[in-house]
Amino acid sequence: MTAPFRFPRPARRRAARPGTRRRPPGPRWGLRIGAVVSVLLLAASGVGHAVVTGVESGIGRVDAFQGMSNRPGGGDGLNFLVVGTDGRDRLTAAEKQKYHLGGAPCHCTDTLMLVHLSADRDRASVISLPRDSYAEVPAHTDAVTGRQRAQHPIKLNAAYAEGGPSLTVRTVEHMTGVHIDHYLEVDFTSFMRSVDAVGGVEICTVRPLHDSFTGLDLPVGKSRLNGGQALQYVRSRHLDGSADLGRMQRQQRFLAALIHKITSSGVLMNPIRFRDVADTMLRSVRADSGFGAGDLVDLGQAMRGFTPSSSEFTSVPLGDVARPVPGVGSTVRWDPVQAPKLFRAIREDQPITAPRDRDEPRARVVDIPPGQVQVRVDNGSDRAGLAATVAKELHATGFATTGVPGNSAHGKVPRTAIVYDPRWDRSARSLAAALPGAQLRPAAGRGPVMQVTVGQGQGTVQRVRAEEPPQKPGRISAITGDEAVCP
């Protein structure tokens with residue numbers, strides 16, 4: 001692997017070109033992070049300055065660091081703040097209608113992501129920052145009125161409207177204590193064109209996804225999404241009660257799938273295709289003036305061999321998800337203990353996911369989180385203690401086991417059986433995924449507790465996890481990219 005490199009930090013703060021036109025940011029953006037990080041991955045082909053310099057000239061510039069002081073100290077690695085803009089004004093009327101993109105854009109960032117590349121360039125950590133996070137913006141000059149404003153509380157996504165990229169960067173640095181090296185901003189149009197340029201992206205789901213607001217309509221299983229469909233996927237927030245938290249998790253899964261597509265499709269090793277794809281991606285990107293062709297080449301050389309398993313994804317651990325603030329509205333509060341731990345790991349260039357044995361079979365993704373499935377286990381085999389072993393393994397993968405395992409009243413059975421109430425059929429299917437070969441036997445009126453009778457042929461319990469791991473107060477829930485892509 002290419003040796004690690006360091007950027008001289010003072011060179012990162014050059015002033016942006018004057019007169020840069022400000023594009024209005026808009027809602028539902030997680031898509032743009034995919035486009036921007038993909039640019040970094042595309043550079044991994046190492047095709048050099050001849051190709052990248054021509055592409056780099058298409059990047060718009062934005063002044064994200066002017067006049068900033070009292071900033072956090074820099075640590076190892078490289079930190080990007082990626083925000084999104086609406087950009088729907090450059091879509092055709094037909095595209096707007098087809099992909100439910102009517103209406104006027106808002107002048108705020110709807111979602112932000114902090115992306116950390118490790119010093120040795122063998123890991124990328126992506127942290128979603130909820131748009132409704134409670135924030136206190138520093139004193140600044142209002143971008144609209146030109147008047148000085150004292151420090152005051154707002155929602156994080158409103159910092160852009162008040163003070164543009166610079167205030168957004170200052171606010172995130174104040175909240176996280178993480179030094180931002182580069183600012184990147186992309187839009188709807190760039191995202192759609194970029195997905196189409198790589199030939200679409202595969203997404204897997206364990207349940208149908210329907211959202212009348214965005215027009216998303218995906219069946220169970222694997223789907224190849226074009227740019228417009230991908231936009232619907234990452235914008236959707238009316239699929240279930242998870243709202244914005246679920247949407248952030250889907251955005252992260254999409255990014256992992258996009259990384260997988262780019263690194264496995266030959267784009268990185270084909271200079272002509274690389275240039276075409278990168279040119280499409282960069283056409284609507286705006287970046288700080290310190291981000292240039294040299295950075296793209298250096299990053300590319302350092303990131304050869306980058307794969308989905310090299311990436312990890314999480315959202316800021318939350319405390320209170322509905323704290324009212326006078327004059328601001330309902331806000332999300334970050335967990336006062338776990339959130340600082342997360343950002344300390346970023347400052348110290350440490351991974352946020354626990355190391356695991358790569359030879360261990362990956363967990364099967366299930367519809368209903370195992371923690372929501374109640375299970376009682378009895379032994380229907382002639383192997384003493386097998387029920388207790390299966391119950392322990394089910395508990396280890398997250399199921400809510402209950403009662404003390406005993407012997408089945410039906411004697412010995414050749415095959416494991418799951419007796420369940422049809423009202424909880426989705427839970428039963430999640431449990432069956434952990435017990436390959438088990439028979440599903442509906443029995444009306446049983447209630448929510450599943451009855452497992454372990455048969456003679458029962459093997460090891462299959463590890464499972466929810467498609468969208470729940471964000472629980474006080475915990476850092478993270479997955480690696482290889483856990484997020486289609487099997």
Side-chain angles (χ1 to χ4, degrees), residues 25-30 32-33 64 72 79-85 106-116 125-140 149 151-180 183-185 234-235 237 241-252 313-347 352 468-478:
R28 304 170 299 262
W29 79 285
R32 303 51 149 210
I33 174 66
N79 301 311
F80 294 79
L81 180 64
V82 186
V83 305
T85 61
C106 80
H107 294 280
C108 58
T109 53
D110 188 59
T111 306
L112 303 91
M113 285 187 178
L114 179 62
V115 180
H116 173 79
S125 304
V126 181
I127 303 171
S128 295
L129 309 179
R131 63 177 186 171
D132 291 336
S133 298
Y134 174 85
E136 292 187 359
V137 294
H140 63 280
R149 299 198 64 178
Q151 178 174 311
H152 61 278
I154 61 169
K155 293 182 181 180
L156 178 57
N157 69 331
Y160 193 107
E162 287 197 13
S166 179
L167 185 61
T168 303
V169 171
R170 292 175 64 193
T171 303
V172 171
E173 286 192 342
H174 175 71
M175 297 175 71
T176 65
V178 173
H179 182 98
I180 304 299
Y183 173 90
L184 298 170
E185 183 181 297
V234 296
R235 289 178 59 225
R237 58 186 297 267
S242 63
D244 283 330
L245 295 181
R247 182 185 60 167
M248 287 191 296
Q249 291 165 339
R250 286 185 289 277
Q251 291 166 357
Q252 293 167 359
F313 303 85
T314 191
S315 300
V316 179
L318 304 179
D320 192 337
V321 297
R323 174 77 66 86
V325 176
V328 176
S330 181
T331 64
V332 172
R333 297 290 184 121
W334 295 356
D335 186 276
V337 176
Q338 297 300 321
K341 287 183 179 179
L342 173 62
F343 295 117
R344 183 168 63 248
I346 296 301
R347 291 192 299 271
I352 56 179
E468 297 170 4
Q471 294 292 319
K472 297 182 179 180
R475 290 185 55 188
I476 299 175
S477 300

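Looking at Lys155, its side chain does come within 3.5 Å of a backbone N or O of Ser330 through a donor-acceptor pair.
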Worksheet entry | Worked verdict on Gln251 versus Ser128 for side chain to side chain donor-acceptor pair (under 3.5 Å) | CA-CA 9 Å; Gln251 291 166 357; Ser128 295; 5.1 Å; no

Item to complete: Tell me, with the steps shown, if His152 and Val137 meet side-chain contact (heavy atoms from CB on, under 4.5 Å).
Response: CA-CA 6 Å; His152 61 278; Val137 294; 3.3 Å; yes

Practice prompt. Show the numbers, then the answer: is there a side-chain contact (heavy atoms from CB on, under 4.5 Å) between Val82 and Val115?
Written response: CA-CA 7 Å; Val82 186; Val115 180; 4.1 Å; yes

Practice prompt. Given side-chain contact (heavy atoms from CB on, under 4.5 Å), test Trp334 with Thr176 step by step and report yes or no.
Written response: CA-CA 10 Å; Trp334 295 356; Thr176 65; 4.1 Å; yes

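The closest side-chain heavy-atom distance from Gln252 to Ser315 is below 4.5 Å. At least one side-chain heavy atom of Val169 sits less than 4.5 Å from a side-chain heavy atom of Leu81. Inter-residue side-chain proximity for Phe313 and Ile127 is flagged as unmet; no heavy-atom pair is nearer than 4.5 Å. Contact annotation: the side chain of Ser133 never approaches that of Val316 to less than 4.5 Å [non-hydrogen atoms, C-beta and beyond].
Under 3.5 Å, the side chains of Glu162 and His140 contain a donor-acceptor pair of N or O atoms.
The shortest heavy-atom contact between Pro72 and His179 is O-ND1, 2.8 Å. Pro165 and Glu185 get closest at one heavy-atom pair: CG-OE1, 4.2 Å. Of all the heavy atoms in Asp335 and Val337, the pair that sits closest is OD1-N, 2.9 Å. Across all their heavy atoms, Ala159 and Leu167 have their closest contact at O-CD2, 3.5 Å.
In this structure, CD1 in Ile154 is found 10.0 Å from OH in Tyr134, a value given to the nearest 0.5 Å. Note that the OG1 atom of Thr314 and the CG atom of Leu114 stand 11.5 Å from one another [nearest 0.5 Å]. Atom OG1 in Thr168 sits 9.5 Å away from atom CG in Asn157 (nearest 0.5 Å). One finds the CE atom of Met175 at 14.5 Å from the CZ atom of Arg170 (value rounded to the nearest 0.5 Å). Distance CZ/Arg131 to CG/Leu156: 11.5 Å, rounded to 0.5 Å. Rounding to the nearest 0.5 Å gives a distance of 11.0 Å between NE2 of His116 and CD1 of Ile180.
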N/O donor to acceptor pairs below 3.5 angstrom from side-chain atoms of residues 318-325, sequence neighbours left out:
from: Asp320; atom 1: OD1; to: Ala322; atom 2: N; distance (Å): 2.9
from: Asp320; atom 1: OD2; to: Arg323; atom 2: NE; distance (Å): 3.0

